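Below is one structure, written out as structure tokens, with a few remarks after it.
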Amino acid sequence: MSLSLADIASAAGGVPVRAPAGTVLFRPDDACKGFIAVRSGCIRVGLSSASGRELVLYRVRPGEICLQTFSCLSEGKAYAAEGISEEAVEAFLLAPQTFDNLLREDPRFLRLVMTSIATRFKDYEQVVEALAFTGLEARLAAALLRLAGSDNVVHVTHEALAAEIGSAREAVSRQLGLLARNGIVSLARGQVEITSRGALSRLTQSGT
């Protein structure tokens, strides 16, 4: 059985970290305390503008790295984004020097880190491509399909959906209302139920 980033971090003396859902793990201008290897849970990483608009960049799950953290450690700079535990997180925190030593001395760790970095860059490319070339309707439809549980329900506020797709809450609310009137979704407080996955899937292809 192959070792995970969390396994290697634990064996190297990483400090156990536990954070309930909703915990702010880092903010812009915070100093980086070390490399975090997630064993369970999910960290949402995003940006906020001066006007209060938010944009989700990516999520960090087991086996994945936070590109913000890697960049901070590599360049010795502070965070530029915010990281929040979207689900309860269990992880291990490696001191910066231990992280550097593992990169130099453990080929398994280096391979896992570099593979995850490549995946993170693909996430960034998808975010940029969606914002540049995909219309609001298609971005919203794709986000609903991606976030829906097995019961076709997305437990999310309009504000959170807006952050997910890089739009304004008011625009997302208007679009959700249109989808509801067309019988594609059903709206309730704090949730969106998908009533026609087929119609929603077709909207993801609507482009600009």
Side-chain angles (χ1 to χ4, degrees), residues 1-49 54-134 139 142-143 145-147 163-166:
M1 182 177 179
S2 59
L3 293 176
S4 67
L5 284 171
D7 292 331
I8 296 174
S10 175
V15 177
V17 174
R18 291 179 175 82
T23 303
V24 177
L25 299 173
F26 55 83
R27 294 183 174 90
D29 297 326
D30 280 356
C32 183
K33 298 178 181 179
F35 177 82
I36 189 164
V38 177
R39 168 152 283 171
S40 64
C42 176
I43 301 171
R44 184 179 72 247
V45 180
L47 295 171
S48 298
S49 70
E54 297 183 23
L55 173 64
V56 175
L57 296 175
Y58 55 83
R59 289 174 169 82
V60 184
R61 297 182 174 89
E64 301 173 345
I65 72 164
C66 175
L67 198 57
Q68 273 281 314
T69 297
F70 180 81
S71 176
C72 291
L73 289 172
S74 299
E75 301 178 41
K77 63 180 185 180
Y79 281 104
E82 182 177 64
I84 299 175
S85 55
E86 193 166 57
E87 304 167 3
V89 167
E90 291 189 6
F92 293 95
L93 183 69
L94 286 172
Q97 188 58 57
T98 304
F99 173 70
D100 289 342
N101 292 341
L102 283 173
L103 286 179
R104 289 196 304 268
E105 301 168 4
D106 192 329
R108 302 165 304 171
F109 186 75
L110 176 61
R111 182 170 59 253
L112 289 171
V113 168
M114 297 308 293
T115 299
S116 187
I117 288 174
T119 301
R120 285 279 82 97
F121 274 116
K122 290 180 183 177
D123 292 339
Y124 270 122
E125 289 173 356
Q126 290 173 358
V127 169
V128 172
E129 181 179 353
L131 291 175
F133 305 117
T134 307
R139 299 206 311 274
L145 290 170
R146 182 174 67 252
L147 298 172
E164 194 72 31
I165 63 174

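Source: prediction; values computed, not measured.
Taking D100 as the reference, nothing meets the side chain to side chain donor-acceptor pair (under 3.5 Å) condition, with sequence neighbours excluded. Applying the side chain to side chain donor-acceptor pair (under 3.5 Å) test to E125 and every residue at least two apart in sequence or in another chain returns nothing. Shown here are the side chain to side chain donor-acceptor pair (under 3.5 Å) partners of R111, two or more places apart in sequence or in another chain: there are none. Contacts of A12 classified as side chain to side chain contact (heavy atoms under 4.5 Å, CB included), with partners at least two apart in sequence or in another chain: L94, T98, L102.
The backbone N or O of S85 sits nowhere less than 3.5 Å from a side-chain atom of T23 that would complete a donor-acceptor pair. Side-chain atoms of R139 come within 3.5 Å of backbone atoms of I165 as a donor-acceptor pair (strictly under, hydrogens ignored).
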Only distances under 3.5 Å count here; give the side-chain donor-acceptor pairs of residues 26-48 to other protein atoms, sequence neighbours excluded, each with its distance to 0.1 Å.
from : atom 1 : to  : atom 2 : distance (Å)
D30  : OD2    : R27 : N      : 2.8
R39  : NH2    : D7  : OD1    : 2.6
R44  : NH1    : E86 : OE2    : 3.2

Mind listing the side-chain donor-acceptor pairs of residues 68-77 below 3.5 Å, one per line with the distance, residues two or more places apart or on another chain?
from : atom 1 : to  : atom 2 : distance (Å)
Q68  : OE1    : A80 : N      : 2.9
Q68  : OE1    : A81 : N      : 3.3
T69  : OG1    : Y79 : OH     : 2.8
S71  : OG     : E75 : OE2    : 3.2
S71  : OG     : K77 : NZ     : 3.4
S74  : OG     : F70 : O      : 2.8

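Taking CZ from R59 and CD from E64, the interatomic distance works out to 11.0 Å, rounded to the nearest 0.5 Å. Going from atom CZ of R108 over to atom CG of L3 covers 5.0 Å, rounded to the nearest 0.5 Å. A distance of 9.0 Å separates CG of L110 from OG1 of T115, quoted to the nearest 0.5 Å. Considering CG of L57 and CD of E82, their distance stands at 11.0 Å, rounded to 0.5 Å.
Nearest heavy atoms, A19 versus L25: CB-CD2, 3.9 Å.
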